[in-house]
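The block underneath contains the structure these notes are about, expressed in structure tokens.
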Amino acid sequence: MSWLSKALPPKIKRNDSGVARRSSLPEGLWSKCVACEAVLYATDLANNCHVCPRCGHHKRLDARARIDLLLDVEGRREIGAEVLPVDSLAFKDSRAYPERLQDATATTGETDALVVMRGAIASVPVVLAVFEFDFMGGSMGSVLGERFAWGVLAAVEHDVPFVCVTASGGARMQEGLFSLMQMAKTTAVLTRLSQVGLPFISILTDPTMGGVSASFAFIGDVVIAEPGALIGFAGPRVIEQTVRETLPDGFQRSEFLLDKGAIDMIVDRREMKHRVAGLLALLQKRPALQ
Amino acid sequence: MTVSLTPDPSPACGRGEIRESLARLSWSVSTLAHTFALMKTIFLEFEQPLAELEGKIEALRLAPDDSAVDVSDEITGLEKKGQIKIREIYARLSAWQVSQVARHAQRPYTLDYLRLIFTDFEELHGDRTFADDHAIVGGLARFHGEPVMVIGHQKGRDTKDKIFRNFGMPRPEGYRKALRLMRLAEKFGIPVLTFIDTPGAYPGIDAEERGQSEAIGRNLYVMAELKVPIIVTIIGEGGSGGALAIGVGDVVQMLQYATYSVISPEGCASILWKSADKASDAAEIMGITAPRLKSLGLIDRIVSEPLGGAHRDPQVMAQNLGKALQQALRKLTSMPTDELLKARLDRLLAYGRFKEQALR
């Protein structure tokens, strides 16, 4: 701490931390961009795919909103919704796992952290799987693995490509080793897709970390990231503790990954639907989209 | 095998050669330690009663010979007592204590088993792209005369060696080396045996820069479809994705006091309880021990360890492991490849616990 910050009265210091400032605006009508602090009218933001019109910051999206952005309205069919979580280890830390599940369901309206849907992206038929980050940090447990597998197998059955949008902190600790094994399961089922020559497009959004990042996420035939997304294996704090140095600016962000050769491209959310459809058309040797 | 105990100090030798001789040195140190039991057993915290008995025995042994009393009976008595005590302690180890045994500084590592169970080991180095990762070793060897590909995590014994091996935490090039060796084995129809013993994949800046995630994910994918049998043994610490990255196979077995978990007990405690002190609670609840994982259907077999853990008798441990490997291999090599791969995929897809409920 410098002499200046020590000299400042406590009230100003509190504001410096940025914590006290947060919810100074009423929820709903207006929202503030976390990146540029621009005050935005909620409808404008929604009409702009939840991308800040000022600075281009990509706000995190819930699974259903993401599906609405990507899938055509006609012919949607949810897959694996009947697969539901169980507490096989009777896991309890400060709270019991079933309680955490209930809370997550109450806040998100989902029963687990993945929504899988058959449908079409700009008329290109696909199976789309989308993570719900607000459901326990999009963590991967047994239900997520099973729904993912159903999705891939449905793609094989209907002879359509598989597209997955990730947003996850990693494995779900409350399911112990079962959650680790979902890394093997989700990745293994993709071999079935490859065997029949169907593409898998992986779209990484903020954040894609840990066991999700280190399993199927980078196995996509094409790997796309949204701008500015945090993507990596180990969390930045863990790395900082290990190497005991400050991480470089932009570390583990999409632009960093592109520079290091880890992903194929960064695509703006507002163009995602047509870029993905176009890529699928190219891979499947279909005529160019209109 | 001839080994020199001192690395060549000549200033002319390059960095690579120094590393080479360091590797040889570490190999020879662990060889000597186990063969001739030069190292005294290090007691863990919960083994204190054993340490005290050992201290008494030692004192009696060192007592002057000229006294009229024969101490040998007393020593035998104390040794018997020690055996009973150790049996007692090891009969009711908590999950946290098991994880201490799994991380014991004298626990046999991959290279120890390579020496004790295999012959004709030819270590193969490097990922052909960036570097040779010393936290994963691998190569061709013979097992009961038959060629096999052995790949395993490798930890170090002393401080220098630990740093050389990066504490058994691989970087992407380690996983890519493993992948290269698996593809090589597949090309020549040679079964793959992997040994898992890592705290996890290395969480460093360079590892992220070179695609740690992709390296691990790629291995999971390739191991799911590799056309030769894969036998996985967790010999010590099975730390998360860094373990699983060489841990997908047709048979997954664990040594009795090995652990396998999605996150370290300390890591889990600091995230969920916000305090690393709760590690023992976390270890208990996560289910990280071999018996627990066997009962959950997550592993196939438990390989018994000698009384008091593998480090107390590496020879016996190696014999037990050798037998288990032989049985697994016999079963797998008789299977046609398509059957083998189908069984592997079915097994991978069966992982998980959930319920199915008809939609309203």
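The chains referred to below are lettered A, B, ... by the order of the sequence lines, with proteins before strands, and numbering in each begins at 1. Below, each value reflects all heavy atoms present in this structure, side chains not excepted, and no hydrogens, waters or symmetry copies.
A tilted orientation is assigned to the rings of Phe200(A) and Phe216(A), their planes being inclined by 30° to 60°. Aromatic ring orientation, Trp273(B) versus Phe91(A): tilted (interplanar angle from 30° to 60°).
Both the backbone and the side chain of Ile285(B) come within less than 4.5 Å of a heavy atom of chain A. Ile263(B) touches chain A through its side chain: at least one heavy atom from C-beta onward sits under 4.5 Å away, while N, CA, C and O do not. With a threshold of 4.5 angstrom between heavy atoms, Val243(A) approaches chain B through side-chain atoms but not through N, CA, C or O. For Ala90(A), the part sitting under 4.5 Å from any heavy atom of chain B is the backbone (N, CA, C, O) and nothing else. Glu245(A) touches chain B through its side chain: at least one heavy atom from C-beta onward sits under 4.5 Å away, while N, CA, C and O do not. Proximity to chain B is limited to the side chain of Gln174(A), based on heavy atoms less than 4.5 angstrom apart. Both the backbone and the side chain of Ser240(B) have a heavy atom closer than 4.5 Å to some heavy atom of chain A. Residue Pro236(A): no heavy atom, backbone or side chain, is found under 4.5 Å from chain B. Within the 4.5 angstrom heavy-atom criterion, atoms from both the backbone and the side chain of Ala201(B) approach chain A. Contacts of Leu272(B) with chain A are made by both backbone and side-chain atoms, with heavy-atom separations under 4.5 Å. Only the side chain of Ile271(B) comes within contact range of chain A, judged by heavy atoms closer than 4.5 Å. Only the side chain of Arg192(A) comes within contact range of chain B, judged by heavy atoms closer than 4.5 Å. For a residue to count as touching a neighbouring chain, one of its non-hydrogen atoms must lie under 4.5 Å from one of that chain's; by this rule Arg292(B) touches chain A with the side chain only.
A salt bridge links Asp300(B) to Arg347(B): one of the charged nitrogens lies within less than 4.0 Å of a carboxylate oxygen. By the 4.0 Å N-to-carboxylate-O rule, Glu266(B) lies too far from Lys278(B) to be salt-bridged with it.
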Evaluation steps, side-chain contact (heavy atoms from CB on, under 4.5 Å), between Thr166(A) and Ile203(A) = CA-CA 6 Å; Thr166(A) 53; Ile203(A) 303 171; over 6 Å; no

ask   = Stepwise, does the side-chain hydrogen bond (donor to acceptor under 3.5 Å, both in side chains) test hold for Thr233(B) with Gln253(B)?
value = CA-CA 5 Å; Thr233(B) 311; Gln253(B) 51 187 18; 3.1 Å; yes

query = Are Glu175(A) and Ser142(A) close enough, and set up right, to give a side-chain hydrogen bond (donor to acceptor under 3.5 Å, both in side chains), and what steps lead you there?
reply = CA-CA 8 Å; Glu175(A) 293 189 18; Ser142(A) 297; 2.9 Å; yes

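By the neighbour-count criterion of 12 heavy atoms within 6.0 Å, atom CG of Asp338(B) is densely surrounded, having more than that number from other residues, nucleotides or ligands.
The side chain to side chain donor-acceptor pair (under 3.5 Å) test with Tyr97(A) is passed by exactly one of Arg172(A), Lys92(A), Gln102(A): Arg172(A).
Each of Leu153(A), Ile219(A), Asp87(A) has some count of heavy-atom pairs under 4.5 Å with chain B, and the biggest count is that of Ile219(A). For the set Ile216(B), Ile205(B), Val248(B), the entry with the most heavy-atom pairs within less than 4.5 Å of chain A is Ile205(B). Interface summary for chain A: among Arg218(B), Lys355(B), Lys274(B), the most heavy-atom pairs under 4.5 angstrom belong to Lys355(B). If you tally non-hydrogen atom pairs under 4.5 Å between each of Ala243(B), Ala224(B), Pro203(B) and chain A, the highest count goes to Pro203(B). By number of non-hydrogen pairs under 4.5 angstrom with chain B, the leading residue of Gln241(A), Gln182(A), Met181(A) is Met181(A). Taking chain B as the reference chain and counting heavy-atom pairs below 4.5 Å, the highest number among Gly176(A), Ala262(A), Ala217(A), Pro248(A) is found for Gly176(A). Annotation: maximal heavy-atom pairing with chain A below 4.5 Å, among Leu293(B), Leu244(B), Asp281(B), occurs at Leu244(B). Heavy-atom pairs under 4.5 Å with chain A were tallied for Glu356(B), Glu209(B), Gln212(B), Glu208(B); the largest tally goes to Glu208(B). When each of Ala207(B), Ser213(B), Gly352(B) is checked for heavy-atom pairs under 4.5 Å with chain A, Ser213(B) comes out on top. Note: Thr191(A) leads Asp259(A), Thr191(A), Thr242(A), Leu190(A) in heavy-atom pairs under 4.5 Å with chain B.
In this structure, CG in Asp133(B) is found 11.5 Å from CD in Gln154(B), a value given to the nearest 0.5 Å. Here Met173(A) contributes atom CE and Ser179(A) contributes atom OG; the two are 8.5 Å apart, rounded to the nearest 0.5 Å.
Aromatic ring centres of Phe162(A) and Phe148(A) lie closer together than 6.0 Å.
At least one test fails for Arg353(B) against the ring of Phe178(A): distance under 6.0 Å to the centre or angle within 45° of the axis. The cationic atom of Arg210(B) (NZ for Lys, CZ for Arg) lies less than 6.0 Å from the six-membered ring centre of Phe130(B) and within 45° of the ring axis.
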